[in-house]
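Order of the sequence lines fixes the chain letters, A, B, ..., with proteins taken first and strands second; residue numbering starts at 1 for each chain. Worth knowing before you read on, the calculation uses all heavy atoms, side chains too, and leaves out hydrogens, waters and symmetry mates.
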Number of protein chains: 2
Amino acid sequence: MATTRTDPLTLEVVELIGAVVARYYEEYEQAAAAHSLTGAQARVLGLLSLDPLPMRRIAQKLKCEPSNVTGIVDRLEARGLVERRPDPADRRVKLAAPTEKGASTARELRASLDFAREPLAGLSDTDRAVLRDLLRRMLGMDPAGLS
Amino acid sequence: MATTRTDPLTLEVVELIGAVVARYYEEYEQAAAAHSLTGAQARVLGLLSLDPLPMRRIAQKLKCEPSNVTGIVDRLEARGLVERRPDPADRRVKLAAPTEKGASTARELRASLDFAREPLAGLSDTDRAVLRDLLRRMLGMDPAGLS
DNA sequence: TATTGTTATACTCTATAACTATA
DNA sequence: TATAGTTATAGAGTATAACAATA
């Protein structure tokens, strides 16, 4: 359907997106490492800080096998950042939830997401709004964000 | 220096960039897996397809320790995609270079980078040019790309 | 002495398959 | 019988430290 474009402009944009992706990933890993966390651990902690989740749901969010989540949560639990709680509604389910220490670590981690905001500092509000609309359209979202 | 912005617009852009990063990464891994390559292997093969490189240089490009490159190149070499050549100028150096098969795999891989171009299909040329300029500025590049 | 690449080691993430306890 | 979580296993990427060959 959508014809694949190979004009220089498109190729340059693809390359720039690749550069943004590389930078984002790199700095995310650094922010995690600053708290002695791996990227995967930081992502799980960030997820749980929004909402406690069953192990299965974490795997779905991470797009990985449930068996992997066991180990990641094990390591977070060993460090006192996360705990496993029973689900009153289903005794098979374990809900992973951040401890108080885990919640504060997640907050600090989110704060050091400055790295993602800093590159935006050079853009005006108008620029940011234009960028927002373009990114939304790239992601196939409704151009008009009817909040 | 650059004041960290936390207004809703900036936060939404940060979130959108995160979504683009996640999508890009995910689809890159899929493209690599379609050729039975891991992401790291695909990245190294892509690098070498531009230019044969000493092991040390590959590590620098990947931002990892040189000892890791040994294993990645080992696995690419075992599959006949890459070969190690002596460097005439320095006998300590080994130059990793794609074989013919490796070069064609790299080309196919690059072609399946469609995933990165496809999201751009919904944008007009003007949109793309605007996006290019915004991304350049985010990356701290000279706004005017004086090629 | 310093540098290049490798080896050895240990840890984490990953998928697969088999297991348990619930449902 | 189906599902949630775990365990066991194996492969890959990662960093650290020590090593051989060469500069």
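You'll find the side chain of A:L11 stays beyond 4.5 Å of the side chain of A:D7, heavy atoms only. By the 4.5 Å heavy-atom criterion applied to side chains, B:D74 and B:I72 are not counted as neighbours. At least one side-chain heavy atom of A:C64 sits less than 4.5 Å from a side-chain heavy atom of A:V69. By the 4.5 Å heavy-atom criterion applied to side chains, A:L120 and A:L123 are counted as neighbours.
To the nearest angstrom, P of D:dA12 lies 16 Å from CG of B:L45.
Heavy atoms only, all atoms of each residue included: A:L109 and A:A42 are closest at CD2-CB, 3.6 Å.
Residues from residues 68-92 of chain B with heavy atoms under 4.0 angstrom of DNA chain C, sorted by number: B:T70, B:R84, B:R92. A heavy atom closer than 4.0 Å to some atom of DNA chain C occurs in A:T38, A:A40, A:Q41, these being the qualifying members of residues 33-42 of chain A. Contacts of residues 52-66 of chain A with DNA chain C (heavy atom under 4.0 Å): A:C64, A:E65.
A close approach under 4.0 Å does occur between a side-chain nitrogen or oxygen of A:K94 and OP1 or OP2 of D:dT6.
Classification of B:R136 and A:E12 as a salt-bridged pair holds, one side-chain N sitting under 4.0 Å from a carboxylate O. By the 4.0 Å N-to-carboxylate-O rule, B:R79 lies too far from B:E77 to be salt-bridged with it. Between A:R92 and A:D87 there is no salt bridge, since none of the side-chain N atoms of the basic residue sits less than 4.0 Å from a carboxylate O of the acidic one. Under the 4.0 Å criterion applied to side-chain N and carboxylate O atoms, A:R110 and A:E108 are not assigned as salt-bridge partners.
Between the base of D:dT14 and the side chain of B:S67 there is no donor-acceptor pair shorter than 3.5 Å.
When atom types are taken as modelled, the side chain of B:R85 and the backbone of B:A96 share no donor-acceptor pair closer than 3.5 angstrom.
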